[in-house]
Amino acid sequence: MYKLLITEKKNFDLDKFFDDYLESPNIFKDRNALDSSHIPENLPHRYEQIKAIAEITVVTLRNGIPSNLFIYGKTGTGKTAVIKHISKKLTNKCKRINNMACPNWIYINSNRVKSGYRVLATICNRLNPDDPVPPTGLPRDVLLDKLVNRLDENYGNSICFVVLDEIDCLRSKKSKDSILYLLSRINEILKKSKVILVGISNTLNFKDDLDPRVKSSLCEEELVFPAYKADEIYDILKERTKIALHEDIVTEGALRLISAFAARENGDARRALALLRKSAEFVERRNLKKLDVNLIYEAQDQLDSDKIVHFIRDLPIQQKMILIAVYLNQKFDPENSTNTGEIYNTYKELVKQSYNLNCLTRRRMTDLIKELDLAGIFESKVVSFGRKGGRTRVVDLIIEDAQIIKSFEDDSYWSELLQYIPSSVRRTDLNVYDGNLYRRLFE
DNA sequence: GATCCACAGGAAATTAAGGGTC
DNA sequence: GACCCTTAATTTCCTGTGGATC
(Lines give C-alpha, C1' and ligand atoms only; values in the text may rest on other atoms or scores of the structure.)
Protein backbone atom coordinates (compact mmCIF):
# COMPACT_ATOMS: atom_id res chain seq x y z
CA MET A 1 0.00 0.00 0.00
CA TYR A 2 1.30 3.37 -0.90
CA LYS A 3 0.95 6.36 1.23
CA LEU A 4 0.22 9.58 -0.56
CA LEU A 5 2.65 12.21 0.64
CA ILE A 6 1.22 15.66 0.22
CA THR A 7 3.04 18.42 2.01
CA GLU A 8 0.95 21.41 2.77
CA LYS A 9 2.08 24.30 0.56
CA LYS A 10 1.67 27.92 1.45
CA ASN A 11 -0.05 30.17 -1.05
CA PHE A 12 2.34 31.79 -3.47
CA ASP A 13 2.91 35.37 -2.32
CA LEU A 14 2.70 37.30 -5.59
CA ASP A 15 3.25 40.71 -3.97
CA LYS A 16 6.44 39.54 -2.28
CA PHE A 17 7.57 37.98 -5.54
CA PHE A 18 7.09 41.29 -7.37
CA ASP A 19 8.89 43.20 -4.57
CA ASP A 20 11.81 40.75 -4.63
CA TYR A 21 12.04 41.16 -8.38
CA LEU A 22 12.11 44.95 -8.13
CA GLU A 23 14.74 44.85 -5.40
CA SER A 24 17.00 42.43 -7.26
CA PRO A 25 19.75 43.96 -9.44
CA ASN A 26 18.61 44.61 -12.99
CA ILE A 27 21.15 42.99 -15.29
CA PHE A 28 19.40 44.22 -18.47
CA LYS A 29 20.00 47.69 -19.90
CA ASP A 30 17.75 47.03 -22.89
CA ARG A 31 16.22 43.56 -23.04
CA ASN A 32 14.78 44.15 -26.54
CA ALA A 33 18.28 44.47 -27.98
CA LEU A 34 18.57 40.69 -27.70
CA ASP A 35 15.40 40.17 -29.69
CA SER A 36 15.90 38.92 -33.26
CA SER A 37 13.53 41.64 -34.54
CA HIS A 38 15.75 44.42 -33.12
CA ILE A 39 17.69 46.19 -35.88
CA PRO A 40 20.88 47.72 -34.45
CA GLU A 41 22.72 50.71 -35.88
CA ASN A 42 25.78 48.58 -36.50
CA LEU A 43 25.61 45.23 -38.32
CA PRO A 44 29.06 43.64 -37.98
CA HIS A 45 30.41 41.49 -40.83
CA ARG A 46 27.69 42.58 -43.24
CA TYR A 47 29.42 45.69 -44.57
CA GLU A 48 29.98 44.19 -48.03
CA GLN A 49 26.32 43.22 -48.37
CA ILE A 50 25.14 46.61 -47.08
CA LYS A 51 27.43 48.34 -49.59
CA ALA A 52 26.18 46.16 -52.46
CA ILE A 53 22.50 46.82 -51.71
CA ALA A 54 23.16 50.50 -51.06
CA GLU A 55 24.78 50.76 -54.51
CA ILE A 56 21.67 49.24 -56.09
CA THR A 57 19.12 51.33 -54.18
CA VAL A 58 20.97 54.67 -54.05
CA VAL A 59 19.66 55.68 -57.50
CA THR A 60 16.28 56.40 -55.88
CA LEU A 61 17.88 59.56 -54.40
CA ARG A 62 18.08 60.93 -57.96
CA ASN A 63 14.64 59.60 -58.96
CA GLY A 64 16.26 56.62 -60.67
CA ILE A 65 14.71 53.15 -60.79
CA PRO A 66 16.77 50.45 -59.09
CA SER A 67 16.95 46.86 -60.31
CA ASN A 68 14.98 44.07 -58.71
CA LEU A 69 17.05 42.19 -56.16
CA PHE A 70 17.22 38.59 -55.06
CA ILE A 71 18.95 37.71 -51.80
CA TYR A 72 19.65 34.27 -50.47
CA GLY A 73 21.37 32.82 -47.44
CA LYS A 74 20.61 30.47 -44.56
CA THR A 75 18.46 31.36 -41.55
CA GLY A 76 20.01 33.91 -39.22
CA THR A 77 22.55 35.33 -41.67
CA GLY A 78 21.22 38.88 -41.43
CA LYS A 79 19.29 39.16 -44.71
CA THR A 80 16.16 40.73 -43.25
CA ALA A 81 18.10 42.87 -40.78
CA VAL A 82 20.25 44.35 -43.57
CA ILE A 83 17.23 45.14 -45.77
CA LYS A 84 15.37 46.79 -42.88
CA HIS A 85 18.50 48.72 -41.90
CA ILE A 86 18.95 50.07 -45.45
CA SER A 87 15.26 50.89 -45.88
CA LYS A 88 15.33 52.94 -42.66
CA LYS A 89 18.48 54.84 -43.65
CA LEU A 90 17.30 55.48 -47.21
CA THR A 91 13.90 56.75 -46.05
CA ASN A 92 15.56 59.09 -43.51
CA LYS A 93 17.86 60.44 -46.22
CA CYS A 94 14.93 61.06 -48.59
CA LYS A 95 13.02 62.91 -45.88
CA ARG A 96 15.92 65.34 -45.53
CA ILE A 97 15.91 66.17 -49.23
CA ASN A 98 13.34 68.78 -50.24
CA ASN A 99 10.68 67.82 -52.82
CA MET A 100 11.90 64.24 -52.73
CA ALA A 101 9.22 61.53 -52.88
CA CYS A 102 10.17 58.93 -50.26
CA PRO A 103 10.10 55.36 -51.49
CA ASN A 104 7.63 53.01 -49.84
CA TRP A 105 8.99 49.86 -48.25
CA ILE A 106 6.43 47.09 -47.90
CA TYR A 107 7.75 44.10 -46.04
CA ILE A 108 5.81 40.83 -46.41
CA ASN A 109 6.67 37.52 -44.79
CA SER A 110 5.45 35.03 -47.39
CA ASN A 111 5.38 32.30 -44.80
CA ARG A 112 2.42 34.12 -43.21
CA VAL A 113 0.94 35.68 -46.35
CA LYS A 114 1.03 32.66 -48.60
CA SER A 115 -1.46 33.16 -51.42
CA GLY A 116 -1.17 35.52 -54.36
CA TYR A 117 -4.46 37.17 -53.47
CA ARG A 118 -3.27 37.86 -49.92
CA VAL A 119 0.00 39.35 -51.14
CA LEU A 120 -1.87 41.80 -53.39
CA ALA A 121 -4.35 42.57 -50.60
CA THR A 122 -1.52 43.15 -48.09
CA ILE A 123 0.24 45.60 -50.43
CA CYS A 124 -3.10 47.41 -51.06
CA ASN A 125 -3.78 47.68 -47.33
CA ARG A 126 -0.29 48.93 -46.47
CA LEU A 127 -0.61 51.62 -49.16
CA ASN A 128 -3.98 52.74 -47.86
CA PRO A 129 -4.91 51.31 -44.44
CA ASP A 130 -8.01 53.55 -44.27
CA ASP A 131 -9.69 51.68 -47.10
CA PRO A 132 -8.90 48.00 -46.50
CA VAL A 133 -9.63 45.44 -49.21
CA PRO A 134 -11.44 42.26 -48.11
CA PRO A 135 -9.28 39.26 -47.17
CA THR A 136 -11.10 37.21 -49.81
CA GLY A 137 -13.92 37.52 -52.32
CA LEU A 138 -12.66 39.88 -55.02
CA PRO A 139 -11.66 38.58 -58.46
CA ARG A 140 -7.89 38.80 -58.78
CA ASP A 141 -7.98 41.22 -61.74
CA VAL A 142 -10.21 43.60 -59.73
CA LEU A 143 -7.72 43.46 -56.88
CA LEU A 144 -4.85 44.13 -59.27
CA ASP A 145 -6.67 47.18 -60.67
CA LYS A 146 -7.13 48.50 -57.13
CA LEU A 147 -3.43 48.04 -56.43
CA VAL A 148 -2.39 49.78 -59.65
CA ASN A 149 -4.74 52.69 -58.90
CA ARG A 150 -3.43 53.09 -55.37
CA LEU A 151 0.18 53.05 -56.54
CA ASP A 152 -0.37 55.50 -59.40
CA GLU A 153 -2.89 57.85 -57.85
CA ASN A 154 -1.78 58.01 -54.22
CA TYR A 155 1.95 57.74 -54.66
CA GLY A 156 2.56 59.49 -58.00
CA ASN A 157 6.08 59.12 -59.28
CA SER A 158 7.49 57.37 -56.23
CA ILE A 159 9.03 53.94 -55.95
CA CYS A 160 7.57 51.10 -53.95
CA PHE A 161 9.94 48.40 -52.72
CA VAL A 162 8.08 45.14 -52.10
CA VAL A 163 10.21 42.87 -49.92
CA LEU A 164 9.04 39.26 -50.10
CA ASP A 165 10.74 37.39 -47.27
CA GLU A 166 10.71 33.57 -47.45
CA ILE A 167 9.70 33.98 -51.08
CA ASP A 168 9.89 30.18 -51.54
CA CYS A 169 6.39 29.94 -50.04
CA LEU A 170 4.94 31.80 -53.05
CA ARG A 171 6.16 29.41 -55.72
CA SER A 172 3.29 28.20 -57.92
CA LYS A 173 3.11 25.40 -60.43
CA LYS A 174 1.04 27.49 -62.77
CA SER A 175 3.77 29.96 -63.59
CA LYS A 176 1.53 32.36 -65.52
CA ASP A 177 -0.87 32.63 -62.58
CA SER A 178 1.82 32.98 -59.97
CA ILE A 179 2.04 36.13 -57.94
CA LEU A 180 5.74 36.40 -58.76
CA TYR A 181 4.96 36.49 -62.47
CA LEU A 182 2.29 39.10 -61.87
CA LEU A 183 4.47 41.35 -59.70
CA SER A 184 7.42 41.03 -62.07
CA ARG A 185 5.15 42.41 -64.86
CA ILE A 186 3.31 45.05 -62.84
CA ASN A 187 5.61 47.88 -64.00
CA GLU A 188 4.26 47.34 -67.53
CA ILE A 189 0.80 48.37 -66.26
CA LEU A 190 1.86 51.17 -63.90
CA LYS A 191 1.85 54.63 -65.48
CA LYS A 192 3.58 56.78 -62.83
CA SER A 193 5.04 54.77 -59.95
CA LYS A 194 7.31 51.72 -60.09
CA VAL A 195 7.50 48.54 -58.02
CA ILE A 196 10.91 47.10 -57.13
CA LEU A 197 10.90 43.52 -55.95
CA VAL A 198 13.26 42.27 -53.27
CA GLY A 199 13.05 38.50 -52.90
CA ILE A 200 14.61 36.83 -49.86
CA SER A 201 15.08 33.07 -49.76
CA ASN A 202 16.74 30.54 -47.45
CA THR A 203 17.30 28.04 -50.24
CA LEU A 204 20.02 28.48 -52.82
CA ASN A 205 18.25 26.51 -55.55
CA PHE A 206 14.94 28.39 -55.26
CA LYS A 207 15.36 30.28 -58.53
CA ASP A 208 16.20 27.11 -60.51
CA ASP A 209 12.52 26.15 -60.82
CA LEU A 210 11.23 29.64 -61.59
CA ASP A 211 9.61 30.55 -64.88
CA PRO A 212 12.47 31.95 -67.04
CA ARG A 213 10.68 35.31 -67.40
CA VAL A 214 10.19 35.62 -63.64
CA LYS A 215 13.77 34.53 -63.08
CA SER A 216 15.28 37.11 -65.45
CA SER A 217 13.11 39.83 -63.94
CA LEU A 218 13.43 38.97 -60.26
CA CYS A 219 17.13 38.10 -60.34
CA GLU A 220 18.40 41.25 -62.06
CA GLU A 221 20.76 41.59 -59.10
CA GLU A 222 21.69 38.71 -56.83
CA LEU A 223 23.40 38.63 -53.48
CA VAL A 224 24.50 35.78 -51.23
CA PHE A 225 24.67 36.11 -47.47
CA PRO A 226 27.23 33.56 -46.21
CA ALA A 227 26.75 31.86 -42.85
CA TYR A 228 28.50 33.57 -39.95
CA LYS A 229 31.65 31.99 -38.55
CA ALA A 230 32.09 31.57 -34.77
CA ASP A 231 34.37 34.63 -34.54
CA GLU A 232 31.86 36.75 -36.43
CA ILE A 233 28.98 35.64 -34.20
CA TYR A 234 31.18 36.52 -31.21
CA ASP A 235 31.56 40.07 -32.56
CA ILE A 236 27.78 40.36 -33.08
CA LEU A 237 27.10 39.16 -29.53
CA LYS A 238 29.71 41.52 -28.11
CA GLU A 239 28.02 44.48 -29.83
CA ARG A 240 24.57 43.47 -28.62
CA THR A 241 25.80 42.74 -25.10
CA LYS A 242 27.02 46.33 -24.83
CA ILE A 243 23.50 47.58 -25.59
CA ALA A 244 21.49 44.92 -23.78
CA LEU A 245 23.32 44.06 -20.57
CA HIS A 246 25.16 45.86 -17.81
CA GLU A 247 28.93 45.48 -17.67
CA ASP A 248 30.64 42.41 -16.19
CA ILE A 249 27.57 40.17 -16.46
CA VAL A 250 28.89 38.11 -19.37
CA THR A 251 32.46 36.92 -19.69
CA GLU A 252 34.34 36.51 -22.95
CA GLY A 253 34.35 32.72 -22.39
CA ALA A 254 30.57 32.65 -22.16
CA LEU A 255 30.20 34.62 -25.41
CA ARG A 256 32.72 32.33 -27.12
CA LEU A 257 30.74 29.26 -26.05
CA ILE A 258 27.43 30.68 -27.32
CA SER A 259 29.14 31.63 -30.61
CA ALA A 260 30.50 28.11 -30.99
CA PHE A 261 27.03 26.61 -30.40
CA ALA A 262 25.46 28.92 -33.00
CA ALA A 263 28.26 28.41 -35.52
CA ARG A 264 27.60 24.69 -35.28
CA GLU A 265 23.96 25.37 -36.18
CA ASN A 266 24.63 26.78 -39.67
CA GLY A 267 26.08 30.06 -38.34
CA ASP A 268 22.69 31.22 -37.15
CA ALA A 269 23.07 34.59 -35.36
CA ARG A 270 19.38 34.57 -34.42
CA ARG A 271 19.94 31.37 -32.48
CA ALA A 272 22.97 32.89 -30.74
CA LEU A 273 20.93 35.90 -29.61
CA ALA A 274 18.14 33.66 -28.34
CA LEU A 275 20.65 31.60 -26.38
CA LEU A 276 22.29 34.69 -24.87
CA ARG A 277 18.91 36.09 -23.88
CA LYS A 278 17.76 32.82 -22.31
CA SER A 279 21.02 32.47 -20.38
CA ALA A 280 20.82 36.08 -19.18
CA GLU A 281 17.25 35.49 -18.01
CA PHE A 282 18.49 32.57 -15.89
CA VAL A 283 21.03 34.93 -14.29
CA GLU A 284 18.27 37.42 -13.53
CA ARG A 285 15.77 34.90 -12.18
CA ARG A 286 18.31 33.21 -9.92
CA ASN A 287 19.69 36.48 -8.63
CA LEU A 288 23.22 35.67 -9.78
CA LYS A 289 25.95 38.14 -10.59
CA LYS A 290 27.56 36.54 -13.62
CA LEU A 291 26.60 34.33 -16.54
CA ASP A 292 28.08 30.94 -15.72
CA VAL A 293 28.98 28.54 -18.54
CA ASN A 294 26.73 25.84 -17.05
CA LEU A 295 23.74 28.15 -17.48
CA ILE A 296 24.45 28.27 -21.22
CA TYR A 297 24.26 24.49 -21.48
CA GLU A 298 21.01 24.57 -19.51
CA ALA A 299 19.60 27.35 -21.71
CA GLN A 300 20.62 25.42 -24.84
CA ASP A 301 18.71 22.32 -23.63
CA GLN A 302 15.66 24.36 -22.69
CA LEU A 303 15.57 26.22 -26.00
CA ASP A 304 15.61 22.93 -27.90
CA SER A 305 13.00 21.36 -25.66
CA ASP A 306 10.73 24.42 -25.60
CA LYS A 307 10.83 24.70 -29.37
CA ILE A 308 9.63 21.14 -29.89
CA VAL A 309 7.01 21.22 -27.12
CA HIS A 310 5.52 24.47 -28.41
CA PHE A 311 5.59 23.18 -31.95
CA ILE A 312 3.68 20.02 -30.97
CA ARG A 313 1.15 21.95 -28.88
CA ASP A 314 0.41 24.22 -31.85
CA LEU A 315 -0.05 21.38 -34.34
CA PRO A 316 -3.47 20.94 -35.97
CA ILE A 317 -5.56 18.18 -34.42
CA GLN A 318 -5.05 15.72 -37.30
CA GLN A 319 -1.27 16.05 -37.17
CA LYS A 320 -1.35 15.47 -33.41
CA MET A 321 -3.34 12.29 -34.08
CA ILE A 322 -0.75 11.10 -36.62
CA LEU A 323 2.09 11.94 -34.23
CA ILE A 324 0.45 9.86 -31.50
CA ALA A 325 -0.12 6.99 -33.96
CA VAL A 326 3.61 6.92 -34.74
CA TYR A 327 4.47 7.29 -31.05
CA LEU A 328 2.25 4.32 -30.12
CA ASN A 329 3.56 2.10 -32.93
CA GLN A 330 7.13 2.77 -31.82
CA LYS A 331 6.30 2.45 -28.13
CA PHE A 332 5.13 -1.12 -28.63
CA ASP A 333 7.77 -2.03 -31.21
CA PRO A 334 10.80 0.13 -30.43
CA GLU A 335 13.21 -2.10 -32.37
CA ASN A 336 11.59 -1.45 -35.78
CA SER A 337 10.55 1.54 -37.83
CA THR A 338 6.85 1.86 -38.54
CA ASN A 339 5.43 2.41 -42.03
CA THR A 340 2.54 4.37 -43.52
CA GLY A 341 0.25 1.31 -43.63
CA GLU A 342 0.76 0.58 -39.93
CA ILE A 343 0.50 4.25 -39.01
CA TYR A 344 -2.77 4.57 -40.93
CA ASN A 345 -4.27 1.57 -39.12
CA THR A 346 -3.39 3.00 -35.70
CA TYR A 347 -4.52 6.47 -36.79
CA LYS A 348 -7.95 5.09 -37.81
CA GLU A 349 -8.33 3.43 -34.40
CA LEU A 350 -7.41 6.69 -32.64
CA VAL A 351 -9.93 8.64 -34.71
CA LYS A 352 -12.65 6.17 -33.66
CA GLN A 353 -11.86 7.02 -30.03
CA SER A 354 -12.73 10.66 -30.62
CA TYR A 355 -16.19 12.10 -31.13
CA ASN A 356 -15.93 14.84 -33.71
CA LEU A 357 -12.97 13.92 -35.85
CA ASN A 358 -13.21 12.82 -39.47
CA CYS A 359 -10.82 10.18 -40.68
CA LEU A 360 -8.48 11.53 -43.37
CA THR A 361 -7.53 9.50 -46.42
CA ARG A 362 -4.20 7.72 -46.53
CA ARG A 363 -3.12 10.09 -49.30
CA ARG A 364 -3.62 13.09 -47.05
CA MET A 365 -1.96 11.35 -44.12
CA THR A 366 1.24 10.78 -46.13
CA ASP A 367 1.39 14.52 -46.87
CA LEU A 368 1.04 15.32 -43.17
CA ILE A 369 3.75 12.77 -42.31
CA LYS A 370 6.06 14.51 -44.78
CA GLU A 371 5.32 17.85 -43.13
CA LEU A 372 6.28 16.43 -39.73
CA ASP A 373 9.40 14.99 -41.34
CA LEU A 374 10.35 18.43 -42.66
CA ALA A 375 9.72 19.91 -39.23
CA GLY A 376 12.24 17.51 -37.70
CA ILE A 377 9.75 15.48 -35.67
CA PHE A 378 10.06 12.34 -37.82
CA GLU A 379 12.78 10.91 -39.96
CA SER A 380 11.29 9.06 -42.91
CA LYS A 381 12.37 7.57 -46.20
CA VAL A 382 10.72 5.59 -48.99
CA VAL A 383 11.83 1.96 -48.93
CA SER A 384 10.85 -0.97 -51.10
CA PHE A 385 10.42 -4.36 -49.44
CA GLY A 386 9.87 -6.20 -52.70
CA ARG A 387 7.01 -8.44 -53.64
CA LYS A 388 5.86 -9.17 -50.07
CA GLY A 389 6.16 -5.74 -48.56
CA GLY A 390 5.75 -3.39 -51.50
CA ARG A 391 7.02 0.16 -51.53
CA THR A 392 6.28 2.27 -48.53
CA ARG A 393 7.57 5.11 -46.39
CA VAL A 394 9.20 4.05 -43.14
CA VAL A 395 8.98 6.52 -40.30
CA ASP A 396 11.03 6.96 -37.12
CA LEU A 397 10.25 9.33 -34.31
CA ILE A 398 13.41 11.37 -33.71
CA ILE A 399 12.32 13.36 -30.69
CA GLU A 400 12.30 11.92 -27.19
CA ASP A 401 9.19 10.27 -25.74
CA ALA A 402 9.44 12.64 -22.78
CA GLN A 403 8.98 15.62 -25.10
CA ILE A 404 5.77 14.14 -26.49
CA ILE A 405 4.48 13.34 -23.02
CA LYS A 406 5.35 16.87 -21.85
CA SER A 407 3.58 18.40 -24.87
CA PHE A 408 0.31 16.68 -23.97
CA GLU A 409 0.54 16.57 -20.16
CA ASP A 410 -1.84 19.51 -19.65
CA ASP A 411 -4.62 17.99 -21.73
CA SER A 412 -6.38 14.90 -20.43
CA TYR A 413 -7.85 14.07 -23.85
CA TRP A 414 -4.45 13.74 -25.51
CA SER A 415 -2.64 12.24 -22.54
CA GLU A 416 -5.29 9.49 -22.39
CA LEU A 417 -4.76 8.76 -26.08
CA LEU A 418 -1.05 8.26 -25.32
CA GLN A 419 -2.11 5.30 -23.17
CA TYR A 420 -4.05 3.66 -26.00
CA ILE A 421 -2.95 0.18 -27.09
CA PRO A 422 -3.29 -0.37 -30.87
CA SER A 423 -4.99 -3.59 -31.98
CA SER A 424 -1.83 -4.61 -33.84
CA VAL A 425 -0.07 -5.19 -30.52
CA ARG A 426 -3.02 -6.87 -28.81
CA ARG A 427 -1.69 -10.26 -29.90
CA THR A 428 -2.29 -13.52 -28.07
CA ASP A 429 1.31 -13.76 -26.92
CA LEU A 430 1.25 -10.30 -25.39
CA ASN A 431 -0.46 -9.18 -22.22
CA VAL A 432 -0.97 -5.69 -20.91
CA TYR A 433 -0.87 -4.72 -17.26
CA ASP A 434 -1.16 -1.14 -16.07
CA GLY A 435 -0.48 0.17 -19.55
CA ASN A 436 2.76 -1.85 -19.86
CA LEU A 437 3.23 -4.62 -22.38
CA TYR A 438 4.45 -8.06 -21.28
CA ARG A 439 5.25 -11.10 -23.42
CA ARG A 440 3.43 -14.21 -22.18
CA LEU A 441 6.14 -16.70 -21.11
CA PHE A 442 3.89 -19.75 -20.58
CA GLU A 443 0.30 -20.68 -21.17
C1' DG B 1 13.10 -11.01 -67.15
C1' DA B 2 8.31 -10.76 -65.62
C1' DT B 3 5.34 -10.18 -61.87
C1' DC B 4 3.55 -8.28 -57.88
C1' DC B 5 3.07 -5.63 -53.62
C1' DA B 6 2.01 -1.49 -51.17
C1' DC B 7 2.12 2.21 -51.52
C1' DA B 8 4.30 7.32 -53.37
C1' DG B 9 3.03 11.26 -55.14
C1' DG B 10 1.23 14.43 -59.07
C1' DA B 11 -2.82 16.60 -60.73
C1' DA B 12 -7.40 17.75 -60.89
C1' DA B 13 -11.72 17.95 -58.56
C1' DT B 14 -14.44 18.77 -54.55
C1' DT B 15 -15.90 20.95 -50.34
C1' DA B 16 -16.40 24.49 -46.98
C1' DA B 17 -15.99 28.97 -45.43
C1' DG B 18 -15.63 33.83 -46.07
C1' DG B 19 -16.70 37.69 -48.72
C1' DG B 20 -18.37 40.95 -52.80
C1' DT B 21 -21.72 42.43 -56.32
C1' DC B 22 -26.00 43.19 -58.34
C1' DG C 1 -30.84 35.94 -52.32
C1' DA C 2 -28.47 34.23 -56.26
C1' DC C 3 -24.31 34.12 -58.18
C1' DC C 4 -19.48 34.88 -58.45
C1' DC C 5 -14.90 35.00 -56.47
C1' DT C 6 -11.20 33.63 -53.34
C1' DT C 7 -8.34 30.38 -50.20
C1' DA C 8 -7.29 26.19 -47.84
C1' DA C 9 -7.95 21.58 -46.86
C1' DT C 10 -9.01 17.37 -48.52
C1' DT C 11 -10.48 13.63 -51.76
C1' DT C 12 -10.28 11.08 -55.93
C1' DC C 13 -8.01 9.23 -59.66
C1' DC C 14 -4.24 7.80 -61.75
C1' DT C 15 0.50 6.48 -63.09
C1' DG C 16 4.95 5.34 -61.42
C1' DT C 17 8.28 2.81 -58.62
C1' DG C 18 11.93 -0.35 -56.16
C1' DG C 19 13.03 -4.60 -55.15
C1' DA C 20 11.87 -9.34 -53.55
C1' DT C 21 9.91 -13.24 -55.55
C1' DC C 22 8.48 -16.23 -59.20
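In this text, all values refer to a predicted model and were calculated from it rather than measured experimentally. Chain A is the first sequence line, chain B the second, and so forth, proteins listed ahead of strands; every chain is numbered from 1.
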Taking atom types as modelled, is there a side-chain donor on [X] or [Y] under 3.5 Å from an acceptor on the other?
X      : Y      : answer
A:D35  : A:N32  : no
A:E342 : A:T338 : yes
A:T340 : A:T366 : no
A:Y107 : A:D165 : yes
A:E221 : A:N68  : no

Is a side-chain N or O of [X] found less than 3.5 angstrom from the main chain of [Y], in a donor-acceptor match?
X      : Y      : result
A:Y347 : A:L360 : yes
A:Q300 : A:L275 : no
A:S305 : A:D301 : no

Which atoms of nucleotides 15-20 of chain B (N or O only) lie under 3.5 Å from a protein N or O atom, and what are those distances?
| from | atom 1 | to | atom 2 | distance (Å) |
| --- | --- | --- | --- | --- |
| B:dG18 | N2 | A:T136 | OG1 | 3.0 |
| B:dG18 | N2 | A:G137 | N | 3.3 |
| B:dG19 | N2 | A:G137 | O | 3.4 |

**Asked** What is the ring orientation for A:F70 with A:Y72, classed by angle as parallel under 30°, tilted 30 to 60°, or perpendicular over 60°?
**Response** tilted
**Asked** Relative to the ring of A:Y297, is the ring of A:F261 parallel (under 30°), tilted (30 to 60°) or perpendicular (over 60°)?
**Response**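 Answer is perpendicular, since the angle exceeds 60°.
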Without decimals, in angstroms, what is the distance between [X] [atom1] and [N] [atom2]?
X      : N      : atom1 : atom2 : value
A:Y117 : C:dC5  : OH    : P     : 13 Å
A:N339 : C:dG18 : CG    : P     : 18 Å
A:R364 : C:dA8  : CZ    : C1'   : 9 Å
A:I343 : B:dA6  : CD1   : P     : 16 Å
A:D141 : C:dC4  : CG    : P     : 15 Å
A:D367 : C:dA8  : CG    : C1'   : 13 Å
A:E342 : B:dC7  : CD    : P     : 9 Å
A:K146 : C:dC5  : NZ    : C1'   : 14 Å

**Prompt:** Through what angle, rounded to 10 degrees, does the axis of the helix from B:dG1-C:dC22 to B:dC22-C:dG1 turn between its ends, using five pairs per end?
**Reply:**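 Axis angle across the helix from B:dG1-C:dC22 to B:dC22-C:dG1, nearest 10°: 30°.
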**Message:** Do A:I405 and A:E400 make a side-chain contact, defined as non-hydrogen atoms from C-beta onward lying under 4.5 Å apart?
**Reply:**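 A:I405 vs A:E400: side chains apart.
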**Request:** Indicate, with a heavy-atom threshold strictly under 4.0 Å, whether A:R393 touches base, sugar-phosphate, or nothing.
**Result:**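 Sugar-phosphate contact only - A:R393 comes under 4.0 Å of backbone atoms but never of a base.
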**Prompt:** Heavy atoms under 4.0 Å, any strand shown: does A:L143 hit a base, just sugar-phosphate, or nothing?
**Reply:**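 Counting heavy atoms under 4.0 Å across all strands, no contact is made by A:L143.
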**Message:** Does anything in residues 385-392 of chain A come within less than 4.0 Å of DNA chain C? Heavy atoms only, and list the residues if so.
**Reply:** A:F385, A:G386, A:R387, A:G390, A:R391
**Asked** Taking for each residue the nucleotide of DNA chain B bearing the nearest heavy atom, is the 5' side occupied by A:R363 or by A:G341?
**Response** A:G341
**Prompt:** Are any of A:T366's side-chain N or O atoms less than 4.0 Å away from OP1 or OP2 of B:dG9?
**Reply:** no
**Message:** Does B:dA8 have its OP1 or OP2 closer than 4.0 Å to a side-chain nitrogen or oxygen of A:T340?
**Reply:** yes
**Prompt:** When you measure from the side chain of A:R118, which nucleotide among C:dT7, C:dT10, B:dC7 comes out closest?
**Reply:** C:dT7
**Message:** More than 12 heavy atoms of other residues, nucleotides or ligands under 6.0 Å from CD of A:E298: yes or no?
**Reply:** yes
